[in-house]
Amino acid sequence: MTTARETTAGVTAATAGPTSRQETRPAAAAKPVRWAADAATALREGARLRLDYSAQSLWRVDRVIDGIRREGAPYAAVETVLRGLGAYAGEVIVRQAGGEWWATGGDHWVRTPDGRLWDPIDEARRCFTGDGSLRLLCRDATADG
């Protein structure tokens, strides 16, 4: 059964070679890993909030997104931040579950070892509308499927 958090249609693995920094990472990981690192840096420098790529850190990320939503920020003003926070959640899933990033048509997903595909960037957008949770996405993605 496919949930709103899982995506299965039309995704193919990136065919480009691995990045030079981390030989085992697929090319599809390059952008979301950078977005995640940028988001973690921005929260550390701007809000003095340290993110350690643990599942527990996603509680803080959910609260940050909730705070942005309550401030009434327009989506266009926070789109890049949400993308970064979603990528951060995806990177947590990759590290916790042994998943990998997949990309097609400019979209990025995380594929867990059981073959399921997850869309943490879209989940961050759903969090902004009050209908999602990166913490729960990670819990579902890292649970034995």
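- Every residue two or more places apart in sequence or in another chain that forms a side-chain contact (heavy atoms from CB on, under 4.5 Å) with Ala37 is listed here: Tyr53.
- Remark: Arg125 pairs with Tyr75 by the side chain to side chain donor-acceptor pair (under 3.5 Å) rule, at least two apart or across chains.
- Remark: Arg69 pairs with Asp66 by the side chain to side chain donor-acceptor pair (under 3.5 Å) rule, at least two apart or across chains.
- Of all the heavy atoms in Pro113 and Gly98, the pair that sits closest is CG-O, 3.6 Å.
- When only modelled atom types and interatomic distance are considered, Trp101 and Glu91 share a side-chain donor-acceptor pair under 3.5 Å.
- Using a distance-only test at 3.5 Å, with no hydrogens or angles considered, no donor-acceptor pair links the side chain of Asp131 to the main chain of Arg126.
- Screening residues 34-50 for salt bridge (Lys or Arg N to Asp or Glu O under 4.0 Å) gives no qualifying pairs among residues at least two apart or on separate chains.
- The shortest non-hydrogen separation linking Cys138 to Ala55 is SG-CB, 4.0 Å.
- Asp107 CG to Asp119 CG: the interatomic distance, rounded to the nearest 0.5 Å, is 7.0 Å.
- For Glu123 (side chain) and Ser133 (main-chain N/O), a donor-acceptor pair under 3.5 Å exists by modelled atom type.
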Practice prompt. Just do the side chain to side chain contact (heavy atoms under 4.5 Å, CB included) check on Glu100 and Val94 with the steps written out, would you?
Written response: CA-CA 6 Å; Glu100 65 182 345; Val94 165; 5.7 Å; no
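- To the nearest 0.5 Å, atoms CD1 (Ile93) and OH (Tyr88) are separated by 11.5 Å.
- Partners of Thr142 under the side chain to side chain donor-acceptor pair (under 3.5 Å) rule, at least two apart in sequence or in another chain, do not exist in this structure.
- By the side-chain contact (heavy atoms from CB on, under 4.5 Å) test, Ala47 is found to be paired with Leu43, Leu49, residues two or more places apart in sequence or in another chain being considered.
- Screening residues 119-144 for ring-ring contact (aromatic ring centres under 6.0 Å, His included), with sequence neighbours left out, gives no hits.
- Not counting sequence neighbours, the partners of Ser54 by the side-chain contact (heavy atoms from CB on, under 4.5 Å) test are Asp52, Gln56, Ser57.
- In the hydrophobic clustering of ILVMFWY residues, with side-chain heavy atoms under 4.5 Å counting as a link, Leu82 and Leu51 come out together.
- Proximity of Lys31 to His108: side-chain heavy atoms (C-beta onward) are separated by under 4.5 Å at one or more points.
- Side-chain contact between Trp118 and Asp140: present, with at least one pair of heavy atoms (C-beta onward) separated by less than 4.5 Å.
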Item to complete: Before giving the answer on salt bridge (charged side-chain N to carboxylate O under 4.0 Å, His left out), spell out for Arg83 and Glu79 the whole-Å C-alpha distance, their side-chain angles and the decisive distance to 0.1 Å.
Response: CA-CA 6 Å; Arg83 181 187 68 190; Glu79 183 176 7; over 6 Å; no
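- There is no path of hydrophobic side-chain contacts, each under 4.5 Å, that joins Ile121 to Trp109.
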Practice prompt. Starting from the C-alpha separation in whole Å, work towards a yes-or-no answer on side chain to side chain contact (heavy atoms under 4.5 Å, CB included) for Leu134 and Ile65.
Written response: CA-CA 10 Å; Leu134 295 172; Ile65 294 173; 3.8 Å; yes
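- Shown here are the side-chain contact (heavy atoms from CB on, under 4.5 Å) partners of Val81, two or more places apart in sequence or in another chain: Ile68, Leu85.
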